[in-house]
Amino acid sequence: MDSLPLLADHPYASFLDQVEKPARYAGGEVGSVVKDWASVEARVCLAFPDVYDIGMSHLGFKILYKLLNDDPRTLAERCYAPWVDMEAQLVKRGLPLVSLESARPLRDFDVVGFSLQFELTYSNILTMLHLGGVPLRAEDRGEDDPIVIAGGPTATHPEPIAPFLDALVIGDGEEKATEVALTWTRLKREGVPRRERLIAIARLGAVYVPSLYATRLDPDTGLEVVDRPLVDGIPFPVERALVDLNQYPFPDESPTGGPEAIFDRMSIEIARGCTEGCRFCQAGMIYRPVRERDPEQIVDTVMRAVQKSGQDEVSLTALSTADVSCISPLVKKVTDRLTKERISLGVSSLRAYGLEPDLLDELKRVRATGLTFAPEAGTQRMRDVVNKNVTEEQLLETAERVFSRGWGKMKLYFMIGLPTETDEDVRGIVETGARAAGAGRRAAGKGKPVDVTVSVSTHVPKPHTPFQWAAMDALAEVGRKQQLLKDTVRPYRAVTLKTHEAHASVLEGIFARGDRPLADVLERAWRSGARFDSWDDQLKLSVWEEAFAHFGVDRARYLGTLPVTARLPWDHIDVGLEEGFLAKEYRKALQSRLSPPCGKVAGTFVHHTNLEDARADTRRLVCYDCGVACDMTQMREERLTFLDRLGAHKRSLPVLTGAAASPPADAAPSPAAASSPAEPAHLGGAESPPAGAAELPRESAEDPSRAEAAAPPRAKPRAPAPKGRGGFRYRFCFEKTGPMALLGHLDVVRELPRVLRRVGAPMTYTAGFHPKPDMTFSPALSLGVISLDEYVDLRLERDLDPAALEALVASMSAASPRGLAFRGAVKLGPEDPALSKLIAGARYALAFARSAVGADAEAVLAARCSAALSAASLPIRREIERIAKMVDVRQYLVRAEVGGPDVLSALARAGLVGDLVALEVEVDIRGSGAVKSSEVAAVIAGEPGGAPGAIAPPPHRAVRLQLFGRAAPSGSAAGERFSLFDLERARRVKSAPEPAPSIALAADAE
């Protein structure tokens, strides 16, 4: 049943609290931008085909959102794929999918831009188009429909999704996003027909318009390929866009303050591209050349981003941060700036080898419990096949360095199904993990925990890589290899093996190397219920099986070996690589031959960390003619400039020399080196793969656990233990209305320290190994319950007088997400009791629509209240995580009556308007628990359900009006209530009531 609308004028307001994580659809975050539609030329909806939790971590969305909204000619709003429960609600109610900022349907925008990160999100694109009121197929769109455009790594092989898209941006999207949007809208205003507009878009360059190209069957493969353009003057092949990153500084602000994202931190892109040339890695190929951001710009961006977002964790991210030329001095400089702010630093895809030991100690200050590396293959031969320039000796050295510095865990990522793989290579995966565990035990010392997790996924050959022609293992073969791994790991207690379901990987492989006819399969599967195919619990294999069978599709044609001489379905997309380069690398792979990292001096694994050594090394940088035009002289000079700007003039510690510093040469055996392996380039974007503009791919998104490879440690920096608890205690009162009432309690707990950081009010932290902001909240509310009277006790470093405290309260409200407002604060002394000692009860307003209660609503509800108060008990069934128990509401219910004008006025302040009737109820809050407002509404005004004790509450909306203490023991109706700001009364409470429930009891109590 629908409740009273929680968000004014929002189309979903009446039912949001019926879906999982309703705040996903509410908007209102700090940093979100709402512009006047009439003031701009072009309106763009950035559409991410996965849930909010994942899309909010996406770097490309942040880049494009900032660029488009900073331009006075354009606006950008966001939309994420609705989860299956929300989709069902929208279909049931005939409502469209709307944007977060203005709640407008997708069909109202001029441009709908999708991020193509992963093939298994294609079905979600169809869902979003359909729910957004946009015709699915490009050929069915009319003159007034928006242009549907896409970008990202998967845009480089888009044929299976191409019939649903009007255009695709190839490469970097920073310049193209604004250019395409303005060109489209200006031509539309001039009355230019849709097809002519599309031709104009194609002529901009780096834009592929599928409807303007003819296709044919390739006789060597039986796959449909793009043959020629149908219009003069459009490019063929379509070349990618490439930008100078320093002309487009990474945004220092983006929306934050909603439900917790998968990677809940401020991530900063420090480079794009990778030097390593791993042959399975699409990102390493399509984002060449390596482009590094100016380190001064990075440091400044980090500090501004921390202040604006309030985040307590920053991540420096790139495909392989270890190969950023100035990574060591950059990390040191950023760490120095962040430590004093109590902000932790994470660095994704960072190797341990070759880095100065003191840098590892710097990273250890964030107290990670484990690090992640990706050898990718279990034997040296296979590492040479995939061009993983790392040896087992380096891996063992990594284990020694990591565990000797106090880390307790290490995760190693591998793949099975790589070209030329044998059973020996498969067993070598576990054996490599076991040897790493042994090295770790020796380094950690006796009695120290050593945990090595070996995580194994299935290789998917991707377009634009040397393995694009290779066959993918059949499901049966994958299963056999996984069993071989399980048999091999049994004797090794220190090694934990994780393997992953391969069905999704097979589907990914089909659509990665697929052609345009697969669009029919995709649409049929979608119409039969395919959604969120990258989620194991949502993948419907039977739906896909039926769709392939219906169209007679031979899946083996997409998964088998492809002739190197054949034309492929993605050959019309030019990612900048010289023709023949990938084939040459493929042949070298089959011969187990390495190619050295490019852009480095032959014989080195990492760049010089100081200006003195860098200037002294005059050797040539390696270039093996991939086709990307790199200026090696400029590259060398830029690195010297970066080191100089960071003040890295002298070597701080000796560096490894001789054999220990020498990498394997091309076609030569790989010598040992005192180093550790890189996390893979293809995982660099797993943390938050940028889209459109800075798209780093989710190559391994079929394996959600792989995303952890890019996830920096989440612990906070160790701080000296304060004397006592330190700081100055304050009690703040705040209210949660609108979108904030849809956030869970823990989301609110996360948000408050961010608010304080935004306004520059440093908090004190708890002592111990995991310092946290020192704060205590009043009891949690159920999702969807509005509150006008919430409290938090916290400690700040500064002693504030009343005027300064009042100013702080005002600035905190201004720096909060929509719906979070601070109403006052008092300073607490050492003798003032904590909230948990004071809170004895709460007052609620339960609002009902008069039409739902009946003609004489006040009389009906008054009678119900009288009956409830006269009852000896009011049992109700409470179910938590499928465990039911009976709760007697009467034990907690103190007062219930029809609310007067003051209550209706409070409802209006809470955003609830209309012809309403309200109950005012008072309940006890005890240490043993409390009752939920919904339970009170149920026993007073609800109807019995099917199960014993089940009572369904009528449609209503609850508002917490007040939390209070009592001068008499809990449970006494005669106890005199007092405000939690009334410190004088609070200090006189000698016999304190039962303490209020802790946060851990919040699920049982409001």
Side-chain angles (χ1 to χ4, degrees), residues 33-47 64-79 96 98-99 101-102 104-114 128-129 132-151 155 158 162-214 228-236 238-241 243 692-693:
V33 180
V34 181
K35 297 176 79 171
D36 179 3
W37 274 47
S39 69
V40 298
E41 295 180 43
R43 305 157 190 89
V44 180
C45 182
L46 298 175
L64 295 179
Y65 189 80
K66 175 75 168 171
L67 278 171
L68 290 165
N69 281 320
D70 280 354
D71 193 317
R73 301 168 297 174
T74 56
L75 67 74
E77 300 188 5
R78 297 162 296 140
C79 184
V98 300
S99 64
E101 281 75 7
S102 66
R104 292 178 184 256
L106 271 60
R107 62 173 174 262
D108 289 356
F109 288 84
D110 300 305
V111 180
V112 175
F114 283 97
M128 296 177 75
L129 288 173
V134 181
L136 283 188
R137 299 244 178 184
E139 63 187 10
D140 296 327
R141 292 180 194 131
E143 295 298 316
D144 293 329
D145 285 317
I147 182 174
V148 179
I149 195 165
F164 306 101
L165 303 173
D166 291 303
L168 297 102
V169 171
I170 309 301
D172 298 331
E174 281 92 340
E175 290 177 347
K176 291 298 172 182
T178 303
E179 184 181 23
V180 168
L182 291 175
T183 300
W184 180 260
T185 54
R186 288 171 182 171
L187 292 174
K188 183 178 179 180
R189 282 197 304 272
E190 294 168 6
V192 177
R194 187 180 185 90
R195 178 175 168 80
E196 296 304 313
R197 281 180 266 156
L198 289 172
I199 293 172
I201 294 295
R203 286 174 176 161
L204 294 175
V207 180
Y208 169 48
V209 179
S211 63
L212 301 182
Y213 294 82
R228 69 188 189 283
L230 296 171
V231 177
D232 292 336
I234 64 173
F236 186 75
V238 181
E239 297 182 357
R240 63 175 177 158
V243 301

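Atoms considered below: every heavy atom in the structure, side chains included; atoms not considered: hydrogens, waters and symmetry mates.
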Can a donor-acceptor pair be found, under 3.5 Å and without considering hydrogens, that links the side chain of [X] to the backbone of [Y]?
{"X": "Tyr213", "Y": "Val231", "answer": "no"}
{"X": "Arg197", "Y": "Glu143", "answer": "yes"}
{"X": "Arg203", "Y": "Pro235", "answer": "no"}
{"X": "Lys176", "Y": "Gly205", "answer": "yes"}
{"X": "Arg78", "Y": "Leu46", "answer": "no"}
{"X": "Asp110", "Y": "Thr185", "answer": "no"}
{"X": "Ser39", "Y": "Asp36", "answer": "yes"}

Contact check, side chains of [X] and [Y], non-hydrogen atoms, under 4.5 Å:
{"X": "Ile170", "Y": "Arg240", "value": "yes"}
{"X": "Ile149", "Y": "Asp166", "value": "no"}
{"X": "Val112", "Y": "Ile147", "value": "no"}
{"X": "Glu174", "Y": "Glu179", "value": "no"}
{"X": "Leu129", "Y": "Val148", "value": "yes"}
{"X": "Pro146", "Y": "Leu106", "value": "no"}
{"X": "Val192", "Y": "Arg186", "value": "no"}
{"X": "Arg104", "Y": "Trp37", "value": "yes"}

Return the [atom1] to [atom2] distance between [X] and [Y], rounded to the nearest 0.5 Å.
{"X": "Cys79", "Y": "Phe109", "atom1": "SG", "atom2": "CZ", "answer": "8.0 Å"}
{"X": "Ile201", "Y": "Tyr208", "atom1": "CD1", "atom2": "OH", "answer": "16.0 Å"}
{"X": "Thr74", "Y": "Asp70", "atom1": "OG1", "atom2": "CG", "answer": "8.5 Å"}
{"X": "Leu75", "Y": "Cys45", "atom1": "CG", "atom2": "SG", "answer": "10.0 Å"}

Practice prompt. Might you work through the side chain to side chain donor-acceptor pair (under 3.5 Å) test for Glu139 and Ser211, ending with a clear yes or no?
Written response: CA-CA 8 Å; Glu139 63 187 10; Ser211 63; over 6 Å; no
Contact summary for [X] and [Y], nearest pair of heavy atoms:
{"X": "Ala42", "Y": "Leu182", "result": "CB-CD2, 4.2 Å"}
{"X": "Phe164", "Y": "Arg137", "result": "CE2-NE, 3.6 Å"}
{"X": "Ile234", "Y": "Ala202", "result": "CG2-CB, 3.8 Å"}
{"X": "Leu64", "Y": "Ala177", "result": "CD2-CB, 3.9 Å"}

Fill in: Matching residue for Val180 among Val111, Val207, Val44 - test: side chain to side chain contact (heavy atoms under 4.5 Å, CB included)
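The passing option is Val207.
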Any salt bridge linking [X] with [Y]? Criterion: basic side-chain nitrogen under 4.0 Å from a carboxylate oxygen.
{"X": "Glu101", "Y": "Arg43", "value": "no"}
{"X": "Glu41", "Y": "Arg189", "value": "yes"}
{"X": "Arg194", "Y": "Asp145", "value": "no"}

Fill in: Over 12 non-hydrogen atoms of neighbours within 6.0 angstrom of CG in Asp232
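No.
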